[in-house]
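We're numbering straight along the sequence, starting at 1.
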Amino acid sequence: MAKKSMIEREKKRALILERFRAKRLELKKIMLSKDVSDEERWGAQLKMQSLPRNSSATRKQRRCGITGRPNGVYRKFGLCRNKLREAAMRGDVPGLVKASW
């Protein structure tokens, strides 16, 4: 089980990410536009740098929905490999069967 502080930190990052998503997209559009002058592009870049670091999507880490474990998390299920295996053995995941050959 992950530390509660790490889980709460990720929740906080998710909230900040949602709050600044529209502003970041707008600034990125300005920065990547070829029709905008260099001064406007530079101004957009400075505004982007002034936003909180945690508002960037790359700072958010995928964690297990049950334990909060950061490694070995399957995107499709939102669970770490240990909990996914347990759920599959109980039959909680439809269509997932243990491989045997």
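- Each of W42 and M48 belongs to its own hydrophobic cluster when Ile, Leu, Val, Met, Phe, Trp and Tyr are linked at side-chain heavy-atom distances under 4.5 angstrom.
- The backbone N or O of I30 lies less than 3.5 Å from no partner atom in the side chain of S33, so there is not a single donor-acceptor pair.
- Listed by first and then second residue, the salt bridge (Lys or Arg N to Asp or Glu O under 4.0 Å) pairs involving residues 84-97 are K83-E86, R90-D92 (not counting sequence neighbours).
- By the neighbour-count criterion of 12 heavy atoms within 6.0 Å, atom NZ of K60 is densely surrounded, having more than that number from other residues, nucleotides or ligands.
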Enumerate donor-acceptor pairs with a distance under 3.5 Å from any side-chain N or O in residues 4-13 to protein atoms, sequence neighbours excluded.
residue, atom, partner, partner atom, Å
E8, OE2, K11, NZ, 3.4
E10, OE1, Q61, N, 3.0
E10, OE2, R13, NH1, 2.8
R13, NE, N54, OD1, 3.1

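- I66 and F77 fall within a single hydrophobic cluster, where Ile, Leu, Val, Met, Phe, Trp and Tyr side chains are chained together by heavy-atom contacts under 4.5 Å.
- Taking hydrophobic clusters as Ile, Leu, Val, Met, Phe, Trp and Tyr residues chained together by side-chain heavy-atom distances below 4.5 Å, V73 does not share a cluster with L17.
- Contact of the T67 side chain with the C80 side chain is registered, since non-hydrogen atoms from C-beta on lie closer than 4.5 Å.
- By the rule that hydrophobic residues join a cluster once side-chain heavy atoms approach within less than 4.5 Å of another member, V93 and M89 end up as members of separate clusters.
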Working for side-chain hydrogen bond (donor to acceptor under 3.5 Å, both in side chains), residues R19 and S55:
CA-CA 8 Å; R19 189 170 8 150; S55 66; over 6 Å; no
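- You'll find the side chain of R81 reaches within 4.5 Å of the side chain of R69, heavy atoms only.
- Residues forming a side chain to side chain donor-acceptor pair (under 3.5 Å) with R41 (at least two apart in sequence, or on another chain): D38.
- Closest heavy-atom contact between R24 and P52: NH1-O, 4.3 Å.
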